[in-house]
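Since this is a predicted model, take the numbers as computed values, not measurements. Every chain is numbered from 1 and lettered A, B, ... according to where its sequence line falls, protein lines coming before strand lines.
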2 protein chains.
Amino acid sequence: MNGFIAPQNPNLMETTLKSRETMHRLCGKGLEIFNEKGYYNTSLDDILNQLSLSKGAFYHHFKSKEDYFISIVQNLIVQKVYALLIEPLNTEENPLPIIVESLENALEPGKKNEMAYGFMLNDFLTEFNKRNEEISGYLKDILNVWEVNLVSVLKKGKLDGYIARHVDCEGVATYIIASYLGMRSLMTDSSNRQLKYQYAQQLKHYFKSLEPQPVMA
Amino acid sequence: MNGFIAPQNPNLMETTLKSRETMHRLCGKGLEIFNEKGYYNTSLDDILNQLSLSKGAFYHHFKSKEDYFISIVQNLIVQKVYALLIEPLNTEENPLPIIVESLENALEPGKKNEMAYGFMLNDFLTEFNKRNEEISGYLKDILNVWEVNLVSVLKKGKLDGYIARHVDCEGVATYIIASYLGMRSLMTDSSNRQLKYQYAQQLKHYFKSLEPQPVMA
DNA sequence: CATTTAACCGACCTGCAAGTCGGTTCAGAT
DNA sequence: ATCTGAACCGACTTGCAGGTCGGTTAAATG
């Protein structure tokens, strides 16, 4: 009691770290299994058994399964979408090939051997659409952020002369997102090379129709 | 016993009709509610209460909830897909506008006041993908039929000079299906005019890129 | 050493929904 | 009139999964 507010003492910090680590393990494994089997088809015990944790441990950290999943969305899924689909858009170049590349990349089932599950937004979106409005809302928010960023980069591409002036950037963004979500629906058997190739090719054709027409001599 | 095989006697036919009618009512209501709330989120009682039928009635006609849904798929959903997406392709004209039209039509939330639910294949596909391989298979079969028909009509369009020779018809069909499924994911709040309009516009742009290039003078 | 408390354990509670089963109704056959 | 069986009823069984709760462990503190 020397008049200062005491700094967090070390042991408290340590326990906090322990707690955080367990939460992270729970979230990571949760995302993995929810992504594999779906949220409603996965019981908490499915996850807890794999981590050798108990119900008690779980409910010490999360107040419900729903709360748990919201944590997963807001920590892990948001991060993934940013890393795979939004940050790559930050470039000065022609946005169209960049978009194709980011989408192709995001259709990969898993990079290397870490975090080996692809992009799962579509499945979750559909699963929660008619079941849980709150979670559904969070997922849609993520899509909206993506859309806003796509529109922004498309408009910039228009200014820079990569995209024709007549193009409706919002429409294009919507169409890109729709086709991407749909591809994820079709790609059940994860790494379907054929589908991925077809998608990239057609996307390129479509994008060609957005380019300014070369002026005829 | 006059040596002929007796024709189905009338009362048997009558009871068969009664039975059929109940099954039809069950299937119709089932599709409606499954489509609204999802298969796994709908209990049989939800449906039976609305029809004032009992568990006993249900299990007299179907051997399980799964069997029930398979009936719905093979009777009603198959029909819908044919009517909305496959039969319209039967035409001698330029297939591209026909395809756009059929897709726009299929995005309508409901025609008139009968059968007022749109096209639900995508939701069911996602719901069953990780849960029930058998049902998932039936749904994929439907998609495959659609794809085959799209490819066929595109190839015909190529022969008739409506589509450029370099076009990969399988790829285009895949891309069409993907974008359509994705739109259905996005259109939570059913009749979203804006989304539908954007989709149709972009689809037309995309299709323009598939047309043969006019020969320059 | 005693005390406190975060982290964790696991048996139990509880609600829900699929599926069962013995019974009832009633139209038509004999 | 009686009988048969299809159609239907609804209380009950069963299993599952989310959530609860009293107890245990272990680390830090005094």
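- For the pair Tyr40(A) OH and dC16(C) P, the interatomic distance rounds to 15 Å; values are reported in whole Å.
- Under the side-chain contact (heavy atoms from CB on, under 4.5 Å) criterion, Leu51(B) pairs with Arg25(B), Leu26(B), Lys29(B), Ile47(B), Leu53(B), sequence neighbours left out.
- Looking at Asn75(B), its side chain does come within 3.5 Å of a backbone N or O of Ser71(B) through a donor-acceptor pair.
- In this structure Asp45(A) satisfies the salt bridge (charged side-chain N to carboxylate O under 4.0 Å, His left out) test together with Lys55(A), sequence neighbours excluded.
- In terms of phosphate contacts, Thr22(B) brings a side-chain nitrogen or oxygen within less than 4.0 Å of OP1 or OP2 of dC8(D).
- Across the protein-nucleic acid pair, Phe34(A) atom CZ and dG18(D) atom C1' stand 12 Å apart, rounded to whole Å.
- Whole-Å rounding puts the Arg131(A) CZ to dG18(D) C1' distance at 13 Å.
- Residues Ser179(B) and Tyr199(B) bring a donor and an acceptor atom of their side chains to less than 3.5 Å of each other.
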Please list, one pair per line, the donor and acceptor atoms closer than 3.5 Å that link side chains of residues 148-157 of chain B to other protein atoms, with sequence neighbours excluded.
{"from": "Asn149(B)", "atom 1": "ND2", "to": "Val145(B)", "atom 2": "O", "distance (Å)": "2.8"}
{"from": "Lys155(B)", "atom 1": "NZ", "to": "Glu170(B)", "atom 2": "OE2", "distance (Å)": "3.3"}
{"from": "Lys156(B)", "atom 1": "NZ", "to": "Glu92(B)", "atom 2": "OE1", "distance (Å)": "3.4"}
{"from": "Lys156(B)", "atom 1": "NZ", "to": "Asp160(B)", "atom 2": "OD2", "distance (Å)": "3.2"}

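- Of all the residues in residues 43-53 of chain B, Ser52(B), Leu53(B) reach under 4.0 Å from DNA chain D with at least one non-hydrogen atom.
- Scored by the ring-ring contact (aromatic ring centres under 6.0 Å, His included) test, Phe34(B) finds Tyr39(B), Tyr68(B), Phe69(B) as partners (sequence neighbours excluded).
- With sequence neighbours excluded, the residues that form a ring-ring contact (aromatic ring centres under 6.0 Å, His included) with Tyr180(A) are Phe119(A), Trp146(A).
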Every protein N/O within reach of nucleotides 3-5 of chain C N/O, cut-off under 3.5 Å:
none

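- Residues passing the ring-ring contact (aromatic ring centres under 6.0 Å, His included) test with His61(A), sequence neighbours excluded: none.
- Not counting sequence neighbours, Lys65(B) has no partner by the salt bridge (charged side-chain N to carboxylate O under 4.0 Å, His left out) test.
- Nucleotide dC8(C) holds its C1' atom 12 Å from the CZ atom of Arg25(A), rounded to whole Å.
- Shown for residues 54-66 of chain B: residues whose heavy atoms fall under 4.0 angstrom of DNA chain D, namely Ser54(B), Lys55(B), Gly56(B), Ala57(B), His60(B), His61(B).
- In this structure, the salt bridge (charged side-chain N to carboxylate O under 4.0 Å, His left out) partners of Asp123(A), at least two apart in sequence or on a different chain, are Lys130(B).
- Summarising the geometry, the separation between CG on Asn41(A) and C1' on dC16(D) is reported as 12 Å, rounded to the nearest angstrom.
- Straight-line distance from the CZ atom of Phe69(B) to the P atom of dA17(C): 18 Å, rounded to whole Å.
- Residues satisfying the salt bridge (charged side-chain N to carboxylate O under 4.0 Å, His left out) test with Asp46(A), not counting sequence neighbours, are Lys37(A).
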